[in-house]
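Following: one structure in structure tokens, then a few remarks.
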Amino acid sequence: MTLEMSRLFDAGLMVLLVLCALAVVRTKDLLAASIVFSAYSLVMCLVWDHRGAPDVAMTEAAVGAGVTTVLFLSAISKTVRKEK
Amino acid sequence: MIGILWDNFDYAVSVLLFLIGLYCVIAKNNLIKKFMGLNIMETSVFAFIVALGVVKGGSAPIMEPGARPPFINPIPQALILTGIVVAVSTTALALSLIVRVWRQCGTIEADELRELE
Amino acid sequence: MKRALVIVLLAIVAMPLLAAMAAMPRFGSAEQPAYTHVAKRYLERGVEEAGAENVVTGVILNYRGFDTNGEVTVIFTACAAVIAVLAGSRNRQDQREAASSVPESLVVRYVVRLLAPFIALFALYVVLFGEVSPGGGFQGGTVFGALLIVMTVAVSRNQAERLLPLRIRPWLQIAGPLSFLAVGTAGVVLTGWYLGFPQGATAATRLMLMVLEFGIGVGGATVIASIFWRLGDEA
């Protein structure tokens, strides 16, 4: 029963992942898209921690949700914010 | 069929995310957006490989006192750690190239760049 | 028209992927080939052979040290390439936008100053305890790099840059590859192979792993901060 619960939790996270990915693709505002991408990375980090990969989760939290987002924001501030 | 899908939905979601990322790379015009799509593709592949190492009821491969087998396969995790670092390197380089393109051409939309020649 | 083409292409990509998925071993089964060969040995003898309780760290630095050697070279190369790409390019006059005037927030500034030592301590902890708990050189380095970025944004760039003096910054950026070179050479002396580790969890192995973790951490932090500063430079 506990296993099933953990599977359900996994499934919820997966739904969230797909929604975040779709939101990244759909959003016209690049700034908003990068923030949603950060959320996507954070959900991915939860998924990996739940799958018994704490090392990978930690890296994803620091790199995916932190540094990659910052680099995107930095590039957007140097170029344009709106996608045509 | 439903049972197999439920047991393997981690793989199915990886495929789905890969396709979403691929769609973003192909169909979007903005170069920054394309790279967000590429990042989604990368993480989907990472998620797939991490899912390959999972063992039901396993614990993280850290041998502290009191840890009991089964342990989760450490090799995919080690490969993915390297992969994430390489992914952020490519993202950094790509974004710097995009900034450079913006400074040179004044646009980062792929079709406008094609017209500029 | 274009949309239809894209959908057809996605379907073509999806079909072999889904077909392969159907033929995969079930999720979480302990009989799959990836788990029954080399992983078994790593899990059973990893601690005494590689000298790290965290088997992932042992695999990264010891069993698969060459991979990681390549990885640190990649991030160093990326840093060098970013600096080279953005060197000497000028904004065209007509696109120069007025610098955005975000009001400085006293609260954010104060909180960042307050938290900075603790974040730095956490980064150091993640690096030093990478062998026995989740974490490792690159994770800790990234946390420290993120601290530098936060300081740049919230306090001032000069203050953040003072932590990595320009005089020694190139050496910090290449710390990862250099530490691998040093440990690799030590391996040649001790065992006869590049990046060879002495058998068993000896003091020498621990020291070599520590040097590698620290080199990766320092290199990673410096590279990340340098890339961010370079992207933020006004042309």
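Scope of the values below: all heavy atoms of this structure, side chains included, with no hydrogens, waters or symmetry mates. In this text the structure is predicted, and so the values were computed from the model without any measurement.
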Does Tyr63(C) have more than 12 heavy atoms from other residues, nucleotides or ligands lying within 6.0 Å of its OH? yes
With only heavy atoms counted, which part of [X] is less than 4.5 Å from chain A, the side chain, the backbone, both or neither?
| X | value |
| --- | --- |
| Leu231(C) | both |
| Phe27(C) | side chain |
| Val126(C) | side chain |

To check you understand the geometry: which heavy-atom pair defines the closest contact between Ser74(A) and Gly232(C), and what is its length? OG-N, 4.2 Å
Under 4.5 Å from any heavy atom of chain C - which part of Val67(A): side chain
From the list Ser77(A), Pro54(A), Ala75(A), the residue making the most non-hydrogen contacts under 4.5 Å with chain C is Pro54(A)
Step-by-step side chain to side chain contact (heavy atoms under 4.5 Å, CB included) determination, Thr59(A) to Thr142(C): CA-CA 8 Å; Thr59(A) 316; Thr142(C) 314; 6.0 Å; no
Could you tell me whether the side chain of Asp55(A) and the main chain of Gly135(C) form a donor-acceptor pair under 3.5 Å? yes
